[in-house]
Amino acid sequence: ARIATEGPAQNIELLEAGEARLGFVTTGIALQAWNASGIWQGRKPARAMRAIFPMYDTPFQVLALQESAIRSIGDLAGKRVGIGPQGGTGGVYFPQIFETLKLQASLMFGEWSQLAAMLHDRQLDALAVAAGAPFPSFIELEAKDKVRYVAFNAKETAALRLAMPELSPSRVAAGTYPSLLRQYQTVGLYNFAIAHAQLPDDLVYTAVRAVFDNHEELMEAHAAAAETIPANMDHNSFLPLHPGAIRYYRQIGKIGTTD
């Protein structure tokens, strides 16, 4: 059964409670839950999750209307910025990002469809999202409004990576959105599929194998699946692998037999 959730934090909660057996997380939220830091402060460390396969990078993307004077991240000071659901990756990270960059802005949580409508109605000045590109709400806005993608500069990127080591350099290719005419440099978090540690090894092995065996079909469904390859397991440096996943990676030679 599929459960619609608010994002990685809730996915981990459901997994820890035994209500879900599989879930998707970004490395940042998973690291906070694993260490009981950040949004997981004061709670029991979440230790039931095991990594099974990499999914895709989640670039942080900021969109404003072309008619606005917003051309840099610094220009967001004093502006109204939609950052998505409270439990989502953007909802957790953008408040930290603004704080790190010492930017005072009015941040608003909400469902993306609602926030996109508010930007269209000029009730918000910008949207800031952490999601696989192309992000559906941005594509919808492109069809109605003239938009601009606002990038972090090198100094901002360095400050963010120092404050949050789980962030890695990321980019959105030119042409991903109609208005994106050059490569968009940013920071991002990797997404992983996780399984409960108690899930049977055979089941996890079969699931991981099915994902990689059907890579072509996955790419037809979503371009981001191009990054769902065994080599990208290296983006996870702290979550233990599920034994069923280890069996698959050994079989394909991704992990040596001495590990």
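Numbers here simply count residues along the sequence, with the first being 1.
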Separation of Met164 CE from Gln96 CD (nearest 0.5 Å): 5.5 Å

Exercise: do Thr157 and Gln185 side chains pair donor with acceptor under 3.5 Å: no

Asp57/Arg171 salt bridge by N-O under 4.0 Å criterion: no

Salt bridge flag under 4.0 Å for residues Glu13 and Arg43: yes

Within one Ile-Leu-Val-Met-Phe-Trp-Tyr cluster: Leu22 and Leu203, side-chain cutoff 4.5 Å: yes

Tyr184 side-chain N/O to Val150 backbone N/O, donor-acceptor pair under 3.5 Å: yes

Heavy-atom closest pair, residues Asp201 and Pro243: OD2-CB, 3.5 Å

Least distance between heavy atoms, Ala130 atom then Thr89 atom: CB-CG2, 3.9 Å

Heavy-atom pair with the smallest gap, counting every atom of Met233 and Leu241: CE-CD2, 2.9 Å

Residue pair Leu141 / Leu127, side-chain heavy-atom distance below 4.5 Å: yes

Polar side-chain atom of Ser68 near backbone of Ala64 as donor-acceptor pair, under 3.5 Å: no

Criterion side-chain contact (heavy atoms from CB on, under 4.5 Å) on Ile52 and Tyr248, from CA distance to verdict: CA-CA 10 Å; Ile52 60 172; Tyr248 176 82; over 6 Å; no

Exam field: side chain Thr228 to backbone Met55, donor-acceptor pair closer than 3.5 Å: yes

Expected output: side-chain Glu16 to main-chain Ala48 donor-acceptor under 3.5 Å: yes

Within 6.0 Å of CD in Gln104, more than 12 heavy atoms from elsewhere: no

Contact summary for Ala126 and Ile70, nearest pair of heavy atoms: CB-CD1, 4.5 Å

From CA spacing to verdict: side-chain contact (heavy atoms from CB on, under 4.5 Å), Glu166, Leu189: CA-CA 7 Å; Glu166 65 271 30; Leu189 289 165; 3.6 Å; yes

Rounded distance (nearest 0.5 Å) linking atom CG of Leu107 with atom CD1 of Ile83: 4.5 Å

Donor-acceptor pair, side chain of Gln61 and main chain of Pro59, under 3.5 angstrom: yes

Arg247 to Tyr205 six-membered ring, cation-pi geometry met (6.0 Å, 45°): yes

Minimum side-chain heavy-atom gap Leu124-Met108 below 4.5 Å: yes

Side chain to side chain, Thr186 and Ser170, heavy atoms closer than 4.5 Å: yes

Main-chain N/O of Lys155 paired with Asn153 side-chain donor or acceptor, under 3.5 Å: yes

N/O donor-acceptor pair under 3.5 Å between Asn232 side chain and Pro54 backbone: no

Heavy-atom check, side chain of Ile139 versus side chain of Phe135, under 4.5 Å: no

Carboxylate-amine/guanidinium proximity below 4.0 Å for Arg71 and Asp75: no

Heavy-atom pair of closest approach, residues Ile12 and Trp40: CG2-CH2, 3.7 Å

Within 6.0 Å of CD in Glu217, more than 12 heavy atoms from elsewhere: yes

Aromatic ring proximity, centroids under 6.0 angstrom, Phe24 and Phe192: no

4.5 Å side-chain heavy-atom contact, Val25 and Thr27: no

Nearest heavy-atom neighbours spanning Pro240 and Trp34: CD-CH2, 3.4 Å

Any Pro85 side-chain heavy atom under 4.5 Å of Glu111 side chain: yes

Heavy-atom side-chain contact between Gln32 and Val92 under 4.5 Å: yes

Under 3.5 Å donor-acceptor, His242 side chain and Leu199 backbone: yes

Parallel, tilted or perpendicular, as decided by the 30° and 60° cut-offs, for the rings of Tyr149 and Phe138: tilted

Min side-chain heavy-atom separation Glu156-Thr100 under 4.5 Å: no

CD1-CD distance between Ile246 and Gln251, expressed to the nearest 0.5 angstrom: 13.5 Å

side-chain contact (heavy atoms from CB on, under 4.5 Å) assessment of Gln183 paired with Val172: CA-CA 6 Å; Gln183 187 164 277; Val172 180; over 6 Å; no

Rounded distance [0.5 Å steps], OG1 in Thr26 versus NE2 in His235: 14.0 Å

Main-chain N/O of Val147 paired with Gln66 side-chain donor or acceptor, under 3.5 Å: yes

Any donor-acceptor N/O pair, Arg50 side chain to Arg47 backbone, under 3.5 Å: yes

Side-chain H-bond candidate by donor/acceptor type, Tyr190 with Asn236, under 3.5 Å: no

Chi angles and distances behind the side-chain contact (heavy atoms from CB on, under 4.5 Å) call for Phe212, Tyr249: CA-CA 11 Å; Phe212 293 121; Tyr249 295 122; 3.5 Å; yes

Rounded distance [0.5 Å steps], CZ in Phe98 versus OG in Ser106: 10.0 Å

Interatomic distance, Leu101 atom CG to Ile97 atom CD1 [nearest 0.5 angstrom]: 7.5 Å

Verify same cluster id: Ile229, Ile252 (apolar side-chain graph, 4.5 Å): no

